[in-house]
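Note that these values count all heavy atoms, side chains included, but never hydrogens, waters or copies made by symmetry.
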Amino acid sequence: MPQSAPESSSIWLRSRGEPSLADVFRSVSVAPSSSSWRKFLTFLGPGYLVAVGYMDPGNWATSLAGGAQFGYTLLVVALVSNIMAVILQSLCARLAVATGRDLAQACRDAYPPCMAWPLWLLAELAICATDLAEVIGTAIGLNLLFGIPLEIGVLITGLDVFIILWLQTKGFRWVEAFIITLLGVIALCFAVQIAMADPNWGEVIRGFAPTTQVVTDPNMLYIALGIIGATVMPHNLYLHSGIVQTRAYGHTLPEKREALKYATLDSTVALTFALLINASILILAAATFHKAGHHDVAELGKAQELLQPLLGASIAPSLFAIALLCCGLNSTVTATMAGQIVMEGFLRLRLAAWLRRLVTRLVAIVPAIAVTLIYGEGQTAKLLILSQVVLSLQLPFAVVPLVMLTASKTKMGELVAPRWLTAVAAVIAAIIIVLNLKLIFDVATGA
């Protein structure tokens, strides 16, 4: 298997070592004489795995709650989150192409253990929060489609590891094809539901305009932070910087620049597509639940029950459940890869994919079953939204190292991030930190 060119300087505290996801590292060939279109198709794929973060079940809970409570107002948060994601994911691709490291490896090699170990623990916490949302969402999807009790559905989600193992044996392009196919199904389901809901498109457009109410209203801020956490997810930053390196691009500076261009284009197109899906969830909630006076809808099961009487079509609840199940399956694949990248990158510890998946899933299954048994299905939405807020609180610990590393000329060489890009990314990090501090203050003071 081809490896990256050796490093020319000792600017890192530790050597790079073996790549994460070694079985798929540089496994997708890039023909040097290909046309621009064919070369773009070669790089197409990783961005859509990242885009799955927009559509995981936790995002559904926050978007449904936001649309039901506040109508179209929080669409601006979805838009801002998308812009943040495009910028941050472009930095992930830049870090990977310039250094040959994913974000986990770069943190391990750039920082002393007293900093790297806490970053690893926080990354693992973020992945567990992500997995919690997937467990609950997939179980609800199984319940809505097939009537499987939620507790049993949570246990069944542990078996999805076999899907991942089978896909990995077929090659990384098969994994990407699986993800993109499910994204297509989700898009089709929402297109039909939006057409049925017939939203007020003038209000939809106004919903993308900025408003200070998002910050001044504590309840709106809580949901807004959940949307940000569900969109710009910490594990996506580790994931993207790892899977970009599945492409066997060259080692010369022109070849690296070309790889960075196509990788950034791939993620930007994919995230723009994901914005449409992300916004569709909120628009559907605003056009149905908020309009009908159902302002407290956040439970996925309750949302599905209300769709048929509100839209007047028996197919609407089924489309909702199918899209939800596809989201859960998609998210399990990407979260598993992110978990492998984080563990292998920070610790240089390699576990079998099935073992890594089962360990992570057990951490998520226990609280999901406990909440379901003790409080009933009615509290799952609160757990979903809480998981997304936890993700938002973890974001600075992934974003700040990413911004600092890509701004370092000594580590990035000629592919160092331009100053304007670093400045914009720094502003994004500052906004996230300030919003998190505001949230903590509101919670502490009972606001």
Side-chain angles (χ1 to χ4, degrees), residues 1-47 49-50 88-111 171-173 175-176 237-268 270 337 340-342 344-346 348 350 401-418 421-422:
M1 182 179 297
Q3 300 292 321
S4 297
E7 294 177 296
S8 58
S9 62
S10 56
I11 54 176
W12 300 86
L13 297 180
R14 279 166 290 279
S15 62
R16 179 166 44 209
E18 290 296 315
S20 301
L21 300 180
D23 54 333
V24 295
F25 179 74
R26 291 186 169 269
S27 61
V28 180
S29 60
V30 178
S33 59
S34 297
S35 65
S36 297
W37 175 246
R38 289 192 63 184
K39 191 159 286 188
F40 170 69
L41 292 180
T42 301
F43 281 90
L44 185 146
L49 271 70
V50 172
L88 295 177
Q89 299 301 160
S90 72
L91 290 182
C92 291
R94 183 177 293 271
L95 177 69
V97 173
T99 69
R101 289 172 167 85
D102 55 62
L103 180 57
Q105 290 173 321
C107 290
R108 176 201 68 202
D109 296 344
Y111 302 128
F172 197 73
R173 290 299 254 176
V175 176
E176 294 171 345
L237 303 179
Y238 294 101
L239 175 69
H240 195 198
S241 60
I243 59 178
V244 161
Q245 298 181 73
T246 58
R247 271 49 184 178
Y249 49 83
H251 300 301
T252 66
L253 182 59
E255 289 172 321
K256 286 185 175 183
R257 289 191 186 278
E258 185 179 58
L260 176 59
K261 178 182 74 172
Y262 287 116
T264 303
L265 181 61
D266 168 52
S267 63
T268 302
M337 289 185 188
Q340 288 179 265
I341 290 170
V342 165
E344 293 175 7
F346 275 109
R348 294 187 176 177
R350 300 186 185 279
L402 175 66
V403 175
M404 292 177 64
L405 289 167
T406 52
S408 171
K409 173 73 172 178
T410 56
K411 290 180 173 62
M412 298 288 292
E414 293 297 320
L415 293 179
V416 63
L421 182 58
T422 299

Could you tell me whether the side chain of Glu255 and the main chain of Thr252 form a donor-acceptor pair under 3.5 Å? yes
If you measure from the Lys or Arg side-chain nitrogens to the Asp or Glu carboxylate oxygens, is any gap between Lys256 and Glu414 under 4.0 Å? no
Closest heavy-atom contact between Gly345 and Arg108? O-NH1, 2.8 Å
Apply the test side chain to side chain contact (heavy atoms under 4.5 Å, CB included) to residues Met404 and Tyr111: give CA-CA distance (whole Å), side-chain angles for both, the deciding distance (0.1 Å), then the verdict. CA-CA 11 Å; Met404 292 177 64; Tyr111 302 128; 4.2 Å; yes
Do the side chain of His240 and the main chain of Val50 share a donor and acceptor less than 3.5 angstrom apart? no
Might you confirm whether atom CE of Met412 has over 12 heavy atoms from other residues, nucleotides or ligands at distances under 6.0 Å? yes
Going by side chain to side chain contact (heavy atoms under 4.5 Å, CB included), name the residues that satisfy it together with Lys411, two or more places apart in sequence or in a different chain. Ile11, Trp12, Ala110, Leu405, Ser408
Non-hydrogen side-chain atoms of Val30 and Phe43 separated by less than 4.5 Å: yes
dist Arg101:CZ -> Ser241:OG (nearest 0.5 Å) comes out at 12.0 Å
Return the orientation label for the Tyr262 and Phe40 ring planes: parallel under 30°, perpendicular over 60°, tilted otherwise. tilted
State the CG-NZ distance between Leu44 and Lys39, to the nearest 0.5 angstrom. 15.0 Å
Could you please spell out the steps behind the side chain to side chain contact (heavy atoms under 4.5 Å, CB included) verdict for Asp102 and Leu21? CA-CA 10 Å; Asp102 55 62; Leu21 300 180; over 6 Å; no
Would you call Arg16 and Asp109 a salt bridge, using N to O less than 4.0 angstrom? no
Of the non-hydrogen atoms in Arg94 and Val416, which two are nearest, and what is the gap between them? NH1-O, 3.5 Å
For the residue pair Phe25 and Ser20, establish whether any side-chain heavy-atom pair is separated by less than 4.5 Å. no
Arg257 and Tyr249, any side-chain heavy atoms less than 4.5 Å apart: no
Are the side chains of Val24 and Val175 in contact, using a 4.5 Å heavy-atom criterion? no
Search all heavy atoms of Cys107 against all heavy atoms of Pro401 and return the closest pair with its distance. SG-CB, 3.8 Å
Identify the heavy atoms of Ala248 and Ser29 that sit nearest to each other, and give their distance. CB-CA, 4.2 Å
Nearest 0.5 angstrom please: Asp266 CG to Thr42 OG1, how far? 11.0 Å
Quick check against the 3.5 Å criterion: does Gln105 have a side-chain atom that pairs as donor or acceptor with the backbone of Val342? no
Minimum heavy-atom distance between Leu88 and Leu402, given as atom pair plus value: O-CD2, 3.6 Å
Looking at CG of Asp23 and OG1 of Thr246, how far apart are the two atoms once the value is rounded to the nearest 0.5 Å? 11.0 Å
According to side chain to side chain contact (heavy atoms under 4.5 Å, CB included), who are the partners of Lys261, at least two apart in sequence or on a separate chain? none
In short, Leu91 meets Thr406 closest at the heavy-atom pair O-CG2, 3.6 Å
I need the Leu237 CG to Ile341 CD1 distance, nearest 0.5 Å. 11.5 Å
Any residue meeting side-chain hydrogen bond (donor to acceptor under 3.5 Å, both in side chains) with Arg247, in chain and number order, not counting sequence neighbours: Glu176
